[in-house]
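When a ligand or atom number is given, it counts from 1 through the structure's own listing order. We number each residue from 1, following the sequence as shown. Only this structure's heavy atoms are used, side chains among them; waters, hydrogens and symmetry mates stay out.
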Amino acid sequence: MRHALEITMDDAAPLRKLDLDFDPDAIRERYRQERDKRLRDDGHLQYIQVEGEFAEYAEVDPYVLAEDLIERAPLTDEIDVAVIGGGFSGMLACARLKELGVNGIRLIEAGGDFGGTWYWNRYPGAQCDIESYCYLPLLEELGYVPKEKYSYGTEIYEHSQRIGKAYGLYDLACFQTRVRELRWDAEIKRWHILTNRGDDMKARFVVMCLGTASRAKMPGIPGIHDFKGHSFHTSRWDYGYTGGDTNGGMTKLADKRVALIGTGATAIQCVPRTAQYAKELFVFQRTPSSVDYRGNKPTDPEWAKSLEPGWQQARRANFNDVFSGKPGVVDEIADGWTEIARTMMSLPKTEQPLTPQETAELLELADMKKMNAIRARVDADVTKADAAEALKPWYRQMCKRPTFNDEYLAAFNRSNVHLIDVAEAKGVERITEKGLVANGQEYEVDCIIYSTGFEANGELRRRVGFDIYGVDGLSLYDHYTDGFRTLHGHSSHGFPNWFYVGISQNAISINITAMLDDQTKHVAYIINETMKRGAETVEATHEGEEAWVEVMRSMAGADGSFQRDCTPGYYNNEGITRGVPKNGGMYVLGINAFNKLLAEWREKGDLAGMELR
Ligand code: NDP
C-alpha cells in the first residue's frame, strides 16, 4: 500500500506530496515498540566497571609476553610534558610538540606498545570503519599508502609502530604503566602523576589523550561471577585460548561451544571468523546493529602513484566538507558514511525555505527509506527466517553506531551459529556455572566472550578511570558537575598546564583521528607559546571558560527528541536521556567552523581566554 505524505509547503514546492512505498506511521510505531521493549530503569548502571574483581578483564595485558614484562624502580623525576595515552592522539600530541621543538616529553601508556585502541582490540576481523586514506594519520609524512580502502587492525597497529619509530617516540615512551591520579602542586607548579607502579613523576604540562573508548565495560548480568568456564572481553582477545590470530586460525575452538554477548560494531567484525572456527557459536543479541555494505577493495597502485603532495589533507577536508554539507563538493570518499551525510543534507530545493518541521520530516523519511534498504538486505542475505526477522534493526540509523560489513549477516546461515534474541528480557537473564540463561533456557558453553563495549558516554570519571585534582585540591569531576566546563574543549579554570584531547566542548568529526590531530596541533601551539613567552603556567581564565560555556549553552537548542525516541544505547545514555547538560553540549556548527575559529584564535596570538603566569 502506498501512502502520500502531506507536507505544508508552498504550492510550487516539488515535494508537496511525497509518494512513498511505506507507511511512516507504522514504522514510527514499530520503532516505539522496539525501544520500549529494551528500556531499562537502571540505564548505564546496568554495566559494571572493570576494576576490583573485574580488573582482570581489562588491566591484565594478554599481549605482553612474560619475558617482555618491564621491571623498574618507581619514577620520581621531573619532565616538561607528560602525554597520557599511546594511541593515535597521544602519538600525534608528541609528534606535533616535537615539530615545534618542544622536548622533555614522556608518553605514559598502559599497554606494551603504541596503538591505543588498535593495540588492545586485536579481535579476529578488527578493521577500520572509516576509509583508511582518511583515518590513518601522517600517511603523507611517512610516505605510506594503506593496502586497502578499509585497513585491517594489523596494518593499523603496524602503522602506529611506524609513527613511533619515525618520530622517535619509543625514546619517550613509558609503557606498561597505568596512571592512577593527577594532582596539581601549586608550590612547585608541577603535576604529580601517580601510577600503578608507585611512580610519582612531576610534570610541568599534562596532555590527556585517552581516546574515546579505552575502558571496557561488563554487563551486570546476575550470576556473572558464577561461570566456571573461560571468559574474556573482546578488547583482550585471548588467542592463547582460541588459537590463531586476528586473521583467523582459531583451531583451538574446534571442540568449543562459545557464547558471544553483544552485537555492536565489534561483534559485527568478530562473529564471522569466530563462526568459522567454533564448534557452536551462540550470539546473544539484545539490539541488532544496522549492517550496511562494506565494499572493501585493494588500493589501486596507479591511483596511489598519482597522489599529489597534500593529498591526505585534501581527502580529509573532502570528508569534512561532505559532512558539513558544503555546496558543490564532490564526494571523493563515496562510502556508507558519506552517504549518511549526503542523505542528511539532501533536502529538496524549494522556492521558500523549509520550516524546521518540514526539514525534520523529510530527513526522517529519508532515514526510513535507508533503514528499509538495510532491513531488506537482511532478508536477502539470511536464509533462516527467524534469525532474519530478529536481525532487522528497528530504529533510525544514527540511533546506534552504523556498521558496514559483508560477512556478518551470512554467518547466521551456518548450521553451527545460533542467534539468541534476548530483547524481551532486556538482556541475558542469568549466567550460571555452566553457561547462560535466556528466554528460560540454559545454554551450556565452554567460553563466554563479552562484546559489551566501552565506557563511552557515561560519567567522565568512569571513562577516565582516575582522579584529577587541580588548584586547592579541586576535583575535575566536581568542576564538571554540570557537564564539561572548558575553554574550546581543552582547558579548564583551576587546572593549570592541563589539556584534554578528545570529545568535549568542541566539534566532532566522524573521522576521529583527523579531529584529534587538529586538537593536538592546537594544544602543542599553546604549550610551545607558554614556554617561548617564558611563563610558568597557562590556564583558562574563569571569564574565558565561562564565555565558551555560554557559547555551548546557546547552541544547545535541540529539544533532544531524536535521542529520546531512539532505542537505548550509549549514544543516548541507555535511553535515560539526561538532556543537554547545564553547561551545554558540543559545538554544533561543525568541525570546519570549529577549526576555523581555533585557527583565527592562534592567528591573533593573544591567547584570549587564557592567562599566562
Ligand atoms: P557497543 O557498546 O556498541 O555494543 C555493546 C553490545 O553489548 C550491544 O549490542 C549491547 O546491546 C550488548 N549488551 C550489553 N549488555 C548486554 C546484556 N546484558 N545482554 C545482552 N547484550 C548486552 O560496543 P562495541 O565494542 O561493539 O563498539 C563500541 C564502539 O567502538 C563502537 O560504537 C565504535 O565507536 C567503536 N568501534 C569501532 C570500530 C571501527 O571503527 N572499526 C570497530 C568496533 C568498534 P544493546 O545494543 O541492546 O545495548
Side-chain angles (χ1 to χ4, degrees), residues 34-35 37-40 42-48 88 116-118 120-132 134-136 150-153 156 211-224 233-237 259-271 282-290 294 296 336-337 391 393-395 398-405 408 419-431 436-439 448-458 503 508 510-513 566-575:
E34 296 286 337
R35 180 203 60 195
K37 208 189 317 187
R38 294 170 173 86
L39 268 178
R40 295 170 52 132
D42 52 359
H44 190 75
L45 295 178
Q46 68 182 279
Y47 291 104
I48 304 172
F88 281 138
T117 201
W118 300 103
W120 295 111
N121 288 278
R122 303 187 193 189
Y123 58 81
Q127 188 186 22
C128 181
D129 242 2
I130 305 291
E131 197 203 63
S132 53
C134 289
Y135 179 83
L136 269 64
Y150 304 95
S151 297
Y152 280 95
I156 307 177
T212 53
S214 57
R215 283 180 56 81
K217 63 180 164 49
M218 299 287 287
I221 301 171
I224 189 165
H233 189 272
T234 46
S235 64
R236 302 290 184 278
W237 195 275
L260 187 134
I261 304 178
T263 49
T266 299
I268 302 306
Q269 295 182 336
C270 70
V271 160
F282 300 87
V283 179
F284 290 81
Q285 170 191 274
R286 185 165 61 189
T287 315
S289 279
S290 69
R294 172 72 304 167
N296 196 14
W337 283 111
L391 283 162
W394 291 98
Y395 48 79
M398 286 308 289
C399 282
K400 279 195 176 278
R401 170 68 151 69
T403 73
F404 307 89
N405 193 285
Y408 175 75
L419 183 70
I420 317 295
D421 183 348
V422 294
E424 289 294 345
K426 302 180 196 294
V428 171
E429 281 160 52
R430 205 152 28 90
I431 293 183
L436 304 88
V437 179
N439 309 319
I448 301 178
I449 301 172
Y450 292 98
S451 186
T452 46
F454 302 88
E455 303 279 357
N457 198 18
I503 298 171
I508 192 168
I510 298 287
N511 184 19
I512 203 153
T513 51
C566 276
T567 191
Y570 77 84
Y571 275 17
N572 69 349
N573 193 33
E574 305 302 330

Give a yes or no on whether the backbone of [Y] and the side-chain of [X] come within a donor-acceptor separation of less than 3.5 Å.
X	Y	result
Gln127	Tyr150	yes
Ser214	Thr117	no
Arg286	Lys426	yes
Asn439	Asp421	yes
Ser289	Thr263	yes
Gln46	Gly43	yes

From [options] - option closest to [atom] by heavy atom:
atom	options	value
atom 47 (O) of ligand 1	Thr287, Ile512, Ile130	Thr287
atom 33 (C) of ligand 1	Met218, Arg401, Lys217	Arg401
atom 5 (C) of ligand 1	Ser451, Ala438, Gly262, Pro402	Ser451

Nearest-contact summary for [atom] - protein heavy atom, Å:
atom	result
atom 21 (N) of ligand 1	Ile261 CG2, 3.6 Å
atom 19 (N) of ligand 1	Val428 N, 3.1 Å
atom 4 (O) of ligand 1	Gly264 CA, 3.8 Å
atom 8 (C) of ligand 1	Thr263 N, 3.9 Å
atom 27 (O) of ligand 1	Thr266 OG1, 3.7 Å
atom 10 (C) of ligand 1	Arg286 NH2, 4.1 Å
atom 1 (P) of ligand 1	Gly453 CA, 4.1 Å
atom 32 (O) of ligand 1	Tyr570 OH, 2.6 Å

- Message: Suppose we screen for ring-ring contact (aromatic ring centres under 6.0 Å, His included). Which residues come up paired with Phe282, at least two apart in sequence or across chains?
- Response: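 Expected list: His418, Tyr443.
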- Excluding sequence neighbours, so at least two apart, what forms ring-ring contact (aromatic ring centres under 6.0 Å, His included) with Tyr450? Tyr57
Would you mind listing which atoms of ligand 1 come within a distance below 4.0 Å of any non-hydrogen atom of [X]?
X	answer
Ile221	18 (N)
Gln127	39 (C), 41 (N)
Pro219	15 (N), 18 (N)
Thr452	5 (C), 7 (O), 14 (C)

- Is the shortest distance from a heavy atom of Tyr47 to ligand 1 less than 4.0 Å?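 Judged by the 4.0 Å heavy-atom criterion, Tyr47 does count as contacting ligand 1.
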- Item | Any Tyr123 heavy atom less than 4.0 Å from ligand 1 |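 Under 4.0 Å: yes for Tyr123.
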- Task: Could you please spell out the steps behind the side-chain contact (heavy atoms from CB on, under 4.5 Å) verdict for Ile224 and Ile48?
- Result: CA-CA 10 Å; Ile224 189 165; Ile48 304 172; 4.2 Å; yes
Have a look at ligand 1 and work out which part of [X], if any, has a heavy atom under 4.0 Å from it: side chain, backbone, both or neither.
X	result
Tyr152	neither
Thr234	neither
Ala265	both
Arg38	neither
Lys400	side chain

- Task: Using side chain to side chain contact (heavy atoms under 4.5 Å, CB included) as the criterion, point out the one residue from Leu436, Ile431, Ile448 that pairs with Ile221.
- Result: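 In the set Leu436, Ile431, Ile448, the residue that makes a side chain to side chain contact (heavy atoms under 4.5 Å, CB included) with Ile221 is Ile431.
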- Any protein heavy atom < 4.0 Å from atom 35 (C) of ligand 1: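 Flag for atom 35 (C) of ligand 1 set to false, no protein heavy atom closer than 4.0 Å.
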- Worked verdict on Thr567 versus Glu34 for side-chain contact (heavy atoms from CB on, under 4.5 Å): CA-CA 7 Å; Thr567 191; Glu34 296 286 337; 5.7 Å; no
- Query: Would the His233 and Tyr123 ring centres measure less than 6.0 Å apart?
  - Reply: no
- Query: Nearest 0.5 Å, what's the OH-CG distance between Tyr135 and Asp129?
  - Reply: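 Nearest 0.5 Å value for the OH-CG distance: 9.5 Å.
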- More than 12 heavy atoms from other groups under 6.0 Å of CZ on Arg430: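 Open.
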